[in-house]
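For reference, the structure is listed below as structure tokens.
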Amino acid sequence: MKEIFFPKRMWRSRGELKRRYDVVIVGGGSHGLATAYYLAKEHGAKSVCILEKSYIGSGASGRNTTIVRSNYRTPEGAAFYGESVRLYERLSKELDFNLMFSQRGHLTLAHSDRALVVMQERAEVNKLLGIKSSVVGPREIAALCPELDLSDRPTWPVLGALFHPPGGIIRHDAVVWAFARAADRRGVDIHPYTEVTGFQQSNGRVTVVETNRGRIECGQVVSATAGWSTLVGDLAGVRLPITTHILQAFVTEPLKPFLDVVIVSSQLHVYVSQTDRGEFLIGAEIEPYTTYKGTGTLSFLETSARHSLELFPQLERTKLLRTWTGLCDLSPDYSPILGKTEVDNFHVSTGWGTYGFKAAPIVGVTLAELVATGKTPELIAPFALERFHTDTLVSELAAAAVSH
Amino acid sequence: MSALYFMSPARCTPETLASPLERGLVGAPESLRDLSPDGKVELRGDLARVGLAEGDELIRLTPRRGFLLTGDPLAAIDRSRANGVLAYDMTGALGGLAFEGETLFRRLTDLDPGALPTAGGFARISAILVRDEGERFRAYFPQELGHYVVEVVLDVLAGLAGGRSHRA
Amino acid sequence: MRLPAQPGELIDRAEPLGFRLGEYRLEGFRGDTIGSALFANGRRVFSRSFKYHRPRGLLCCSGHCPNCMMTVDGVPNVRVCVEPLREGAVVTPQNVLGRLDMDFLSVVDKFGGPFTPVGFYYRTMIRPRFMWPVYEKFLRGVAGLGRLDEHAGHSRRYDVEHRRARVLVIGGGQAGRAAALAAATAGPGVVLVDESVRLADVELPGVEVLAPARALGIWEGKLVPVDSGTVLYRYRAERIIVATGTVEQPLVFPGNDLAGVMLPEAARRLIRDFSLRPGQRAIVLAADERAPEIAETLREAGVAVPRVVDLREGARQLEAHGRRGHVRRVVVDGEETKCDLVVVSGGRQPAYSLLSQAGGRVEYDESLKVFVPRDLPAGIEAVGSVTGEGIVRAEGAAAYEGSGKCFVCICEDVTTKDVKRSIEEGFDSIELSKRYTTVTMGPCQGKLCQLPSIHLYAHELHTYEATIGTTTARPPWAPVELGLLAGRHLEPTRRTSLHFRHEELGARMMWAGPWKRPYAYGEHPEDEVRTVHESLGVIDVSTLGKLLVEGPEAAQLLERLYPNRFADLKAGRIRYGVLTSDGGRIMDDGTVARLADDLYYVTTTSTGADAVTAWFEWWNAVWGYDAEIVNVTGALAALNLAGPRSRDALQRLTEDELSADEFRYLDAKHIEVAGVPCLALRIGFVGELGYELHFPSSAAEYLWDRLLADGARPFGLEPQRILRLEKGHVIVGQDTDSESNLLSAGMPWLPKMDKDDFVGKFALEHFAERDERELLVGFTMEDDVVPAEGAQIVVEGQPAGRVTSARRSEQVGAVIGLGWLPRDRADAGTRFEVRVDRRLVGARVHHGAFFDSAGERMRS
Amino acid sequence: MSFVLACPHCGPRPVDEFAYSGEVTRRPQSSPTLRELTDYVYFRDNVAGRQREWWQHRQGCGEWFLAERDTRTNEIISVSLPKPGT
């Protein structure tokens, strides 16, 4: 609060690279920064740095649609994301930075009875794990979101929804900055505009991280580079089951509060929320082809505008203001890949598809524990890279399509 | 008797047949014509060996895949198969619609009207488009989407006429 | 109020138009914009700003800035400076608590300053946690601009039109027109797009002029959508010439947002287009060469111009003061001048956005002090001032000193103080600071604030603009209505040839994948189940995917696509088949009938037809067997006639012999039914004696009518689901998911592991070596409760499995279902518990069919 | 609409008309180890650069073909019909 009157630096300005760090974290997004923060806070790590090729939060952390939820299909996923939401709920206070976590409720719409069954399954799994989640009918939807077109007019009328009260939106940049500030204050060196160009290894371990600003000796390495994790993995000789795709979103001009809940439709491949600034934030599904080129497509704008209007015809004269894209790492089972790899001290956080931002705090907590203790926490054991070698997947596919 | 004789509407007693566009086109402008009952044959094989009868129209999609629009699909199939080209009666599979106006065409598809016939995206589905003299076009599309296509075309026509929707 | 007729004025003084502003009735002329008409009626304050609720007036008069945003006829955020006036238009101010000239929320401006610096919301309202929703509600309430009418919608018709151009010229200024004319000499296909209504009547020989219309962006494939109001023209161009000119830049000084501070073009438009005097007494402040020219324009319109300041001469202090939001005086280096109009020119920034979207590089030009486009991709050209050509370097301070709020970004109310503070706090790159201060993120999307803010960053960070760089230019170039992007709302819907028959019979239609299908025909699906068990039902299964596989190597192809065997299938016989991925997962299922040595007829699930066709074709593109794959799904209708009476009923309509000996279970035969040639398959998904008739779709209604006339009763999808569940038949995609394989889903008998190869074989070899974690089995409930599909099987309080299908069966006399259970609980008779409505209900594992387990009825 | 892809038969068309089927992989010849199998089923090169990949002109002629594309720019370097059995 007093920083309102006496501005204070959020973090130190970029310093020189040290010759050695115990832990080198590649990627200055929410995952990397959270891992650094919890390493310093929970495990007293003194020698940690973040290497970010651009500015902090420049990748997926700053390009997602800010939705947070935990109503996953698999027990493994629901337990994991459930813990993430619980951490997020306490995070503003812990980091003394208002992340504006707005738990206004999250509705995933069903337009077919098949979709209702999948929701029923998610609701049942969630309830057993203590996550608030239930299937609701049109009448309850109308009470939660009177603005939604629940008539028979749309091609795909709404039949029901999965209601998840703790779901909501959060200010994504604030999460990045708050973790960065907290990590910085605990001695983590954040190096923006520092790109990793290679790793030197000996005896199956990474010993040196090479960057465009020089080399660093390292104890352990964490790669949290959504979009580019294949390339960083390649540098370390770690092959990943990942393809890279673009995800797009747009916002409209700001309007007075209109929509309180977060609305998602898998059938229409669209999700809609209204930010605290008043903009409608609308996103869709990833493009089907792999690409590293972050330009958007007109057909995305057309299709998601059309589908948004099926849900909210009132928005037809609302103006689209700004569009953007981000890169997503897609895993074969739509669950993340988290933890150890076959290179002994090289750990990954990847395969997040479109769900990574929701998991930032719990990724930080669990990866920090792994790095500090060498043991994989139980919560993330199911998400090990090894599952693709042993063919024991954790499939969120049935719940996927679009489930933001 | 061919093993595929159950594919051919031409082998049905004529009074048993209906068109998928019938209901949609009730009251529609005369510029729209239902071509669904016309003979359509899918060809697989060396298209150069297909023998064409008078009035037959061959649309080549690939060197080995084409569509034959023909007045007598049964004869066309026999002729093709005799020449070693596999032929399938798609008369019942495809709805057909003739329409007029390049603007109407442009409101339905991104395809180049100067590069027809071809197969491509049309009214958010896939269709074979043919251009006749002047601004007259034909579209052939999956019959199960026939009602939808008619609805879209009538809706676009209403828009071109300054109306809001053909239903409103 | 108006000046004498100006040459080329846009208004038609002969045609007055009445409109309303709140409770006032006002008048303007045809040709006016709402903005010009309001101005003519003496209105100077048009809106209240985003954060501080400061009064704002016309600034750009070009539709860029948010200063004139009002609600018009219920539509919020309309830039009235470019919105044509209509008779009867109802205009209301927005983002105001009270009146435009007396906004109670402007208290934020007066007192909030020290409490609401940039990012204040990140620092406050954190404790106590339970209060945040209350704070947030307030924050949301004061944010946003216009208010959406919740009953609006479906008010306009929007269309999309695809067009082609040999040369598309964007921008109809001198350079654009010249380029278009030059291009036209080479032939037709030249189109010129311009935003100005003035271009609407311009005739250029050989050029199609589209105006007023706005190119929204340049996408890959030289795709340019053009916004013309209610039609979106999607141009595909061979060559694109961008002549978008420049955008006038404001100056950054205290009081630079007061009503009466205008850009030169705004003053010029008011005078030239609408014959309005923009003020009585003006000061001209220019950082470029245009001061004399601007002053001249104003004087010609009768505006007194007591002071013209060429800022290149090095003024340091500059501030404007006002009363109630209107500018009243300007102080330059201590010298004060009274005025009601300040025309500011901060130079001109090339409008490079489209070029940058198209892949061009943007570079800071040190000599011009603006960003210019460079290295354009092939087929994209730029002409005129957008290239920097003809621009005179503007010289002035990044921000002028003085007292009062000094705005870098008008849209978002970002002051120089905010920017400085963000840098102090460590947000020291343009992208970071943009996200923190929100500079350039408002309605103008940086058109009026990107360059000034970059100058400011460079100044504050003691570096060069070139080092700072720009933020990424993304489409659209200007805000665009969602309705226009959406176009028409109709979506493809697959209907079977019997769709209207189902509707006539009162069926409740439901979505099943891309198809509409009958759920049931009456209120009681169980009645339809009974009909099938007892007499004769008929269901429309035209949605089944249907494929022909034909050729000398058709058998080899199928042999390799399916885990089970098809090469040994005799002509005229049918076999069930399941398709698996190469990872061994179940993808689809259906029947395969061999019609001749080299011809197979394959059915797939209703949603699988397209995917299976593509799957077959892809593998065959890899393998190259001499076989053709033809999707005939739509060509054929299919009816499943089921029930003990089906043989007799069908026999009455055909002369072909249907006796149990002649037409056996799993036979495929050609028969003629009521004059319709059919492929009849004797199969039994629903467990009763049955025939599936496949025949030309155009005869569907006829044959359906005949069967109904003969006593067959239609049944829908829901009764079919009950019937198949009684048989323990699996629905792929409902009972199986993306991880299910043939061993876990209870079909270990299906794959023929002695085949050389098939898709999924390698994976199955490995599955066979491990124990599946869970198995798909049938069960009967102990109580008469029907668990939801998706209900959890609970072991020690934890989810351990799930119900995938469950129904009450009259025939079985119990609630039956299918579900996934842990391997150690999957033996027949094992008791387990399902969670139903917060309690645990017992159930027992049941293997095989629940009814007629020997399959005598369907084989009868 | 994104980039334009040239179908070997129909010529340049918007990418929305095509179905994408991923990078070209090598199927193991006979009974692979679990490691070899999962490498083929799940793991991808996912290169930032030239990639050989499968496309089908789903809304047009229906042909499956191979394209070489630079995934950093979406530039199509070449398209070709598959040579079966190789």
Side-chain angles (χ1 to χ4, degrees), chain C residues 160 162 164 217-225 234-238 359 377-379 475 485 492 553 557 560 580-585 610-611 613-631 753 756-770, chain D residues 1-6 8 11-22 24-44 52-67 69-70 72-76 80-86:
Chain C
V160 174
H162 306 269
R164 273 153 210 277
I218 301 176
W219 269 268
E220 288 176 303
K222 297 204 193 74
L223 173 66
V224 181
R234 289 166 117 262
Y235 273 98
R236 286 193 176 277
E238 289 167 33
L485 288 169
E553 293 181 315
L557 174 61
R560 210 162 163 195
T580 58
S581 69
D582 229 2
R585 270 63 172 185
D610 292 347
T613 310
W615 178 250
F616 280 20
E617 288 170 342
W618 181 74
W619 279 107
N620 207 27
V622 175
W623 292 327
Y625 287 112
D626 188 356
E628 295 293 335
I629 297 141
V630 185
N631 184 347
M753 300 305 286
D756 279 348
D757 184 25
F758 61 84
V759 178
K761 184 187 178 204
F762 302 150
L764 270 168
E765 287 171 351
H766 289 285
F767 294 149
E769 286 171 17
R770 71 179 192 196
Chain D
M1 180 96 35
S2 183
F3 57 91
V4 168
L5 189 54
R13 293 292 175 87
V15 76
D16 311 48
E17 284 197 359
F18 299 84
Y20 174 72
S21 195
V24 173
T25 55
R26 284 190 76 84
R27 188 167 187 257
Q29 288 303 308
S30 62
S31 299
T33 63
L34 183 57
R35 179 79 186 207
E36 288 163 348
L37 175 71
T38 52
D39 192 67
Y40 153 69
V41 174
Y42 299 121
F43 288 75
R44 294 293 175 265
R52 256 165 62 82
E53 54 196 20
W54 283 102
W55 290 89
Q56 185 196 21
H57 194 190
R58 184 84 49 101
Q59 284 199 347
C61 66
E63 190 81 73
W64 279 102
F65 61 96
L66 295 160
R69 177 174 61 106
D70 190 322
R72 293 164 302 186
T73 59
N74 289 340
E75 182 199 353
I76 306 288
S80 60
L81 293 173
K83 293 179 190 70
T86 54

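Naming: A, B, ... by sequence-line order, numbering from 1 per chain.
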Query raised in the report: Shortest non-hydrogen contact from D:V41 to C:D582?
Result: CG2-O, 4.0 Å
Query raised in the report: Considering only heavy atoms, which portion of D:F65 lies under 4.5 Å from any heavy atom of chain C: side chain, backbone, both, or neither?
Result: neither
Query raised in the report: Quick one: does C:W618's side chain have a donor or acceptor within less than 3.5 Å of a partner on D:S21's backbone?
Result: no
Query - Straight-line distance of C:K761 NZ to D:S30 OG, nearest 0.5 Å - result: 9.0 Å
Query - Partner set under side chain to side chain contact (heavy atoms under 4.5 Å, CB included) for D:E36, not counting sequence neighbours - result: D:P32, D:T33
Report task. Could you note down all residue pairs passing salt bridge (Lys or Arg N to Asp or Glu O under 4.0 Å) where residues 614-627 of chain C supplies at least one of them, sequence neighbours left out? Result -> none
Report summary line: One should read off an interatomic distance between C:W619 CH2 and D:R27 CZ, to the nearest 0.5 angstrom, of 4.5 Å
Query raised in the report: How many angstroms lie between atom NE2 of C:H766 and atom CG of D:L37, to the nearest 0.5 angstrom?
Result: 5.5 Å
**Report entry** C:V622 side chain reached by D:W54 side chain, heavy atoms, under 4.5 Å
**Finding:** yes
Report task. Under 4.5 Å heavy-atom distance to chain D, tell me which part of C:D757 shows up: side chain, backbone, both or neither. Result -> side chain
Query - Portion of D:T73 that has a non-hydrogen atom of chain C nearer than 4.5 angstrom - result: backbone
**Report entry** Largest heavy-atom contact set with chain D, pairs under 4.5 Å, which of C:A621, C:S581, C:G624
**Finding:** C:A621
Query raised in the report: Under a 4.5 Å heavy-atom cutoff, which of D:P12, D:G62, D:P28 has the most pairs with chain C?
Result: D:P28
**Report entry** Under 4.5 Å from a heavy atom of chain C, the part of D:Q29 involved
**Finding:** backbone
Query raised in the report: Does the side chain of D:L34 reach to within under 4.5 Å of the side chain of C:R770, using non-hydrogen atoms?
Result: no
Report summary line: What one should report as the nearest heavy-atom pair of C:R236 and D:V4 is NH1-CG2, 3.9 Å
Query - C:R164 CZ: over 12 foreign heavy atoms closer than 6.0 Å - result: yes
